[in-house]
Amino acid sequence: MNNSKNMTSGSETGLIVSFALPLLGGNLLQQTYNIVDTMIVGRYLGDDALAAVGATGSITYLFYTLCIGLSIGAGVIISQLFGAGDIKRMKSAIFNSALVTLIFGVLISIVGVIAARAVLVMLNVPDKLINDSTAYMRIACGGTAAVAAYNWINAVMRAIGDSKTPLIFLGAASLLNAGLDMLFVMVFKTGVEGAAWATVLAQGFSALACIIYSFYRNKEIGLSRKDIIPDKNMMLRCISTGVPIAAQNGLISVSMVALQRVTNGFGETVMAAYTVSMRIEQFVQQPFSSLNAAVSTFTGQNIGAGKEKRAVTGLHSGIKIAVIFAFAVLAVFSLFGRNIVGCFVTNGEVIDIAAKAIVLTSAFYWALGIIHISRGFLNGAGDTGYALVNGTAEVICRIGLSLLLTSVPMIGYWGIWLTTCFTWFAASMISVIRYKSGRWRSKTVVHNDQ
């Protein structure tokens, strides 16, 4: 069945919501990889193992996010060409973005495996955790190519309006991940390495199955021999569009790595609490991420079709939905925070810290929502260069504020989570200023190529 969707006509809010819901389902399933890992590692291997896995989170995401950024950039080009009805160049973008993603994925996998231990030592991971952290990171980074492949096909399908197909295969992969986790960790007793292998194998299965099915079932992206031709200009276009997004994500990841290093200095209890709060935060962020992708695709197709006002209406709709969701989450965390944290760990001190932390950060989710929606709009419009500005702002805030706030005796380790709150606020204001400046109007990828 062909699930592609032209978003250049019809209800803006209805299209964004209907497109975002399957994305949300897929994102939530993808986060279950981390959730299942955290629950099984925390309950069956203990707090030290959980801290060891958590210590790798920021740096592993740094390697993953470089490939993810390239995929998002490819999606911007493909969505605008799809909206413009330029199928020939769209197919060229699909093939050449695949080449770029594959090359970067393999290179990043190699670098991640080789540099794992040195990077973790630099991050001040405690000696008793370093071996488990290194083993987990090497396996996770070794699977970067699988992560790159999945995110690439996901970006291609989203660009042509299909948010349902990736969900089907991700659902199967999620079940596979849970089964492999239990098999490796609980039955084979393979420790943190087993949890890492379960995630990598499940992600690889999802990528391969989705690629095969998508190209078989969707005529819009079916490639003939004349489409499978390396095009230097298109490859450079994919790189120039995707690299700023990859760099933004990389900069944000660097800031998260710096924050993780500060966290590591407070010992295993705070590290475990931070790991749990981050896992919960990553899960809750998925509606924002889904709206981001939906608004990006909606904007790309409509900008490609020359419907700027319609794209702006979609932005406004996305922000309203995000803000309403943010305050709903704040209410839930305020009432049931301890119960939620208790699903991951049993240590009372860890629960106390993490429960208070998620309430604190959720008070600023409205700002996080604005960041995601405005990024989606600006990326979809082709203004991917702004990503560097946004990423730089987050680096400055996270590194500067974390060092400043945690050094204040009355604040201490709470400065870790306050840093996140203030960073979100600053980044949201910068995003609004960028949109108001109107610079995105001259950044359209499709028309600037002609």
Side-chain angles (χ1 to χ4, degrees), residues 1-10 12 15-16 18-19 22-23 70-102 149-169 207 210-242 245 293-308 310-311 314 376 379-384 443-450:
M1 181 174 61
N2 190 335
N3 292 318
S4 63
K5 181 183 296 183
N6 189 311
M7 304 177 76
T8 60
S9 62
E12 294 90 345
L15 283 168
I16 289 174
S18 64
F19 187 82
L23 289 176
L70 289 172
S71 296
I72 294 173
V76 170
I77 298 173
I78 295 166
S79 66
Q80 290 194 8
L81 290 170
F82 181 78
D86 192 342
I87 303 303
K88 181 179 179 180
R89 283 206 299 155
M90 183 192 76
K91 290 186 177 183
S92 175
I94 290 172
F95 175 71
N96 285 280
S97 65
L99 291 180
V100 170
T101 302
L102 177 61
Y150 172 73
N151 282 281
W152 170 78
I153 187 60
N154 206 357
V156 171
M157 299 311 295
R158 286 200 308 262
I160 64 171
D162 182 0
S163 59
K164 296 178 181 178
T165 297
L167 173 62
I168 297 171
F169 293 97
C210 191
I211 289 172
I212 293 173
Y213 179 86
S214 296
F215 278 87
Y216 177 74
R217 299 292 296 182
N218 288 271
K219 294 180 180 180
E220 287 91 345
I221 63 173
L223 303 179
S224 63
R225 287 187 178 182
K226 64 180 180 180
D227 299 315
I228 307 177
I229 300 174
D231 183 327
K232 179 181 177 181
N233 291 331
M234 184 59 77
M235 291 179 73
L236 289 175
R237 168 58 72 184
C238 291
I239 293 172
S240 64
T241 304
I245 301 174
V295 169
S296 180
T297 298
F298 181 89
T299 303
Q301 288 194 14
N302 281 282
I303 290 293
K307 298 183 177 182
E308 180 186 299
R310 180 175 169 81
N379 286 341
D383 188 13
T384 59
K443 306 295 183 179
T444 304
V445 174
V446 173
H447 303 306
N448 286 345
D449 273 353
Q450 296 178 340

Closest heavy-atom contact between [X] and [Y]?
X    : Y    : result
I303 : A381 : CG1-CA, 4.1 Å
I229 : N96  : O-ND2, 3.6 Å
G380 : T299 : C-CG2, 3.8 Å
G314 : I16  : O-CD1, 3.4 Å
M7   : F19  : CE-CB, 4.0 Å
M157 : N218 : CE-ND2, 3.5 Å

Point-to-point distance, once rounded to the nearest 0.5 Å, from [atom1] of [X] to [atom2] of [Y]:
X    : Y    : atom1 : atom2 : value
Q80  : R89  : CD    : CZ    : 10.0 Å
I239 : T101 : CD1   : OG1   : 9.5 Å
N379 : I245 : CG    : CD1   : 4.0 Å
I78  : R158 : CD1   : CZ    : 10.5 Å
L23  : T297 : CG    : OG1   : 7.0 Å
I228 : S92  : CD1   : OG    : 11.5 Å

I would like to know whether S214 and I221 meet side chain to side chain contact (heavy atoms under 4.5 Å, CB included); could you show each step before the answer? CA-CA 8 Å; S214 296; I221 63 173; 4.2 Å; yes

Test log, rule side chain to side chain contact (heavy atoms under 4.5 Å, CB included), inputs C210 and N154: CA-CA 8 Å; C210 191; N154 206 357; over 6 Å; no

Between [X] (side chain only) and [Y] (backbone N and O only), is there a donor and an acceptor less than 3.5 Å apart?
X    : Y    : answer
R310 : E12  : no
K164 : P22  : no
T241 : C238 : no
S240 : R237 : yes
D227 : S224 : yes

Is any side-chain heavy atom of [X] closer than 4.5 Å to a side-chain heavy atom of [Y]?
X    : Y    : answer
S79  : F298 : no
S18  : K5   : yes
Y150 : S71  : no

Just jot down the side-chain contact (heavy atoms from CB on, under 4.5 Å) partners of I211, sequence neighbours excluded, or say none. A149, W152, I153, F215

Please confirm whether Y213 and F169 have ring centers closer than 6.0 angstrom. yes

When you look at T165 and R217, which way does the side chain to side chain contact (heavy atoms under 4.5 Å, CB included) test go after all the steps? CA-CA 10 Å; T165 297; R217 299 292 296 182; over 6 Å; no

